[in-house]
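First listed ligand is number 1; within each ligand, the first listed atom is number 1.
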Amino acid sequence: MSSEKTNQSWGGRFSEPVDAFVARFTASVDFDKRLYRHDILGSQAHARMLTQAGVLSEAERDAIVAGLDEIRSEIEAGTFEWRVDLEDVHMNIEARLTERLGVVGKKLHTGRSRNDQVATDIRLWLRDEIDAILVELNRLQAGLLQLAETEADTIMPGFTHLQTAQPVTFGHHLLAWFEMLSRDHERLVDCRKRVNRMPLGSAALAGTTYPIQRQVTCELLGFEAIGGNSLDGVSDRDFAIEFCAAASLAMMHLSRFSEELVLWTSAQFQFIDLPDRFCTGSSIMPQKKNPDVPELVRGKTGRVFGALTGLLTLMKGQPLAYNKDNQEDKEPLFDAADTLRDSLRAFADMVPAIKPKREIMREAARRGFSTATDLADYLVRKGLPFRDCHEIVGHAVKYGVDTGKDLAEMSLDELRRFSDQIEQDVFAVLTLEGSVNARDHIGGTAPAQVRAAVKRGRELLAKR
Ligand code: ARG
């Protein structure tokens, strides 16, 4: 059997070519070619290091580095021919290098394996992805602060159990999302530290006999640390799982946010308007304006949770060290990163364009006895125990339900039927402004606190 028919990278040991279907089944090039830039960066750093280690001459290094630059240009120009028979991005690029440089190209793979190469590539790629995601996250958070500041005095109903609970300011509500996203930011920044450790030099699994200088490649590639064990370096994908976990939490937040936007744009709520450019119509119902962007973000959240579950399951049964199973890490990871990045981008574009319908929000807050707790607190200040006040106000609410009156709409005489402690000053407490202004502490809904929180938020963003 001529060796041309077997894979050129390992043909020596084989006596028949790989089955055509198996070649396709085992290939990853269709999806891992998107790692090409990071693969080239890793290879260039490796070649530079090999020269310092005395393995490659300076001329060989220069030829390899320049050859890889040209291959990158070919890929970006769309003239590079990706070959499935060459299995993956790594062997496609190496084969092309050898085609261009001859024997020098064959020297690049000295002292490394695709096992440490791919682990390095994914980490470099994910590091860049996290940075791009953080940019969108920042943009979204800045937009939330802006809107919260404008809406610091806007009153809406706050909900528990989706039932009207107490009045809140719209600015305060928006800042709840800001807080969640701040934790997502922290998680991604923290995850990045563990992504940014270098497996290169682990070689296939046991390290290499060449006098490699890992601190050189570490510095060239901007890694923060060198992986301390070669078996671990080529095999674990916990960094990808950790990213998907952080991405899942961020998507869960965006999905809840989406759910509120969908509710708020409905004819039943009408709290906000979304500009037409974030919505679509219906092909049959002329009146429809659907909040597609939040709906899709809510829907896409499932993909990211799926990636997390998929990767955890991928890893749980693998013995050390590298197994081909690991090739399955890429598609879910890529998809999770793309989905999070796009969803954040959509939200960052959309949030500043939210148009609150302040009168409708205010009217909704007025209904539903949202100041009942304020009345109870008022009676506590008059000296009654809270449980008794709760009971008294319960009776007043029942009366309001029967007569169709809100607490603020009852006369003083009517209110005094429930407690003679109630006096004229109660009406200040029963107003929506009185209610929100009274919650004037760090983390409370008072407009002054919203403004203070916006200021703290801006300081936080400025420090990043
Ligand atoms: N395409 C492979 C992957 O994504 C690269 C590593 C292959 N290593 C091997 N020993 N077959 O994991």
* Asked: Do the two ring centres, one from F347 and one from F257, sit under 6.0 Å apart?
  -> yes
* Asked: If you take all heavy atoms of L97 and L68, which pair is closest and at what distance?
  -> CD1-N, 3.8 Å
* Structure fact -> Here the pair of heavy atoms bringing G222 nearest to R127 is O-NH1, 3.0 Å
Nitrogen or oxygen atoms of [X] and ligand 1 under 3.5 Å apart:
X: N326; answer: no
X: K330; answer: yes
X: K324; answer: no
X: D88; answer: yes

[atom]: the protein heavy-atom neighbour that sits closest, reported with distance to 0.1 Å:
atom: atom 11 (N) of ligand 1; value: R114 NH2, 3.4 Å
atom: atom 10 (N) of ligand 1; value: N115 OD1, 3.1 Å
atom: atom 6 (C) of ligand 1; value: Y322 OH, 3.4 Å

* Run the contact test for Q117 against ligand 1 with a 4.0 Å cut-off on heavy atoms, strictly below, and give the result. => no
* Asked: Relative to each other, are the rings of F170 and W264 parallel, tilted or perpendicular (30° and 60° limits)?
  -> perpendicular
* Asked: Just checking, is any N or O donor in the side chain of Q141 or S182 under 3.5 Å from an acceptor N or O on the other one?
  -> yes
* Verify whether one side chain among S43 and R112 offers a donor that lies under 3.5 Å from an acceptor in the other. => yes
* Structure fact -> Per-atom filter on ligand 1: closer than 4.0 angstrom to a heavy atom of Q327 are 1 (N), 2 (C), 3 (C), 4 (O), 12 (O)
* Asked: Under 4.0 Å from any heavy atom of S28, which atoms of ligand 1 are there?
  -> 1 (N)
* Might you confirm whether atom CZ of R345 has over 12 heavy atoms from other residues, nucleotides or ligands at distances under 6.0 Å? => no
